[in-house]
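Residue numbers start from 1 in every chain, and the chains themselves are labelled A, B, ... in the order their sequence lines are given, proteins ahead of strands.
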Amino acid sequence: KPKQTGLDEFFWN
Amino acid sequence: FEAKTSGSDDLKAIISAISTLVEEATFVATAEGITFRGMDPSHVALIDISWPNSAFEKYECDSDIKFGVRIDEFSKLIKRADKKDSIEISISEQNMLLVTVGKNKKYKMRLIESSATDTPLPKIPYDSKITLSSSRFDKILGDVQVVSDYLTIHTSDSKADFSGKGDSGEVVIDLEKDIDEIGEISSKEDSIGTYSLEYLNPVVKAVGTTAGQITCEFSSAKPLRIEFKVANIGRIHFYLAPRVES
């Protein structure tokens, strides 16, 4: 099943 | 600071959208208008709202202020307004929010310590863009939800489909088949992204009746950005982190 990511890793890392 | 809306629908939609993500909300009022930015506790979704002074019947703000409210308490007051009732908000020296609903209901609500940080949002490019009516999008989410907890959006050239897959089965909704209701589909790169309905459904329901059109922008396995076009509100952007194969 696909895993939920967070916005931090796309926006601020 | 003093702001007065004409009618109550826009404020109801904004508060309802915010309430899908946070329990406490900090608003920033400047001479230009009111803004809000907040994420859910797990940082999966973000709402970014910019409500310009021109959208208010009356708006005054001499110096920038932040004010924090418990969103369920604020929501209860706002819901006492009829559709045509204006809502006027100001802040007292005792750190209370004064909320006048319609002509004669004057509420006072305790403000809370604001804990918001001003993290700027990076400008990220999106490969694909789909514009459609919010009511059509709401129906599509309902169509997918009967078989799946996740919505997959796929674009290829100027075609797009929405799909969902679950234990009991799957569904594909080809947007070409109802092009009348779709404003625009464009893609610089073929894109596929999967997003949780647990976050999408409530915010689309919250803003849906007020928004006419929405624009979905995304890239493969990257966050989805939905712009709700609400007549009187400058901008409601909703960002949602993708689900990716582990």
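The minimum heavy-atom distance linking B:Leu240 with A:Leu7 is given by the pair C-CD2, 4.0 Å. When all heavy atoms of A:Gln4 and B:Ala241 are compared, the closest pair comes out as NE2-O, 3.1 Å.
The stretch residues 215-226 of chain B places B:Ala221, B:Lys222, B:Pro223 near chain A, each with some heavy atom under 4.5 Å from a heavy atom of that chain.
In this structure B:Tyr150 satisfies the side-chain hydrogen bond (donor to acceptor under 3.5 Å, both in side chains) test together with B:Arg243, sequence neighbours excluded. Partners of B:Tyr239 according to the ring pair (Phe, Tyr, Trp, His ring centres under 6.0 Å) rule, which considers only residues two or more places apart in sequence or in another chain, are A:Phe11.
Counting non-hydrogen atoms of neighbouring residues, nucleotides and ligands closer than 6.0 angstrom, the CD atom of A:Glu9 exceeds 12 such neighbours. More than 12 heavy atoms of other shown residues, nucleotides or ligands fall within 6.0 angstrom of atom NZ in B:Lys229.
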Please tabulate, for side-chain N and O atoms in residues 45-53 of chain B, each donor-acceptor pair with protein atoms closer than 3.5 Å (sequence neighbours left out).
unit_1	atom_1	unit_2	atom_2	d
B:Asp48	OD1	B:Arg37	NE	3.0
B:Asp48	OD1	B:Arg37	NH2	3.3
B:Asp48	OD2	B:Arg235	NH2	3.0
B:Asn53	ND2	B:Ala31	O	2.9

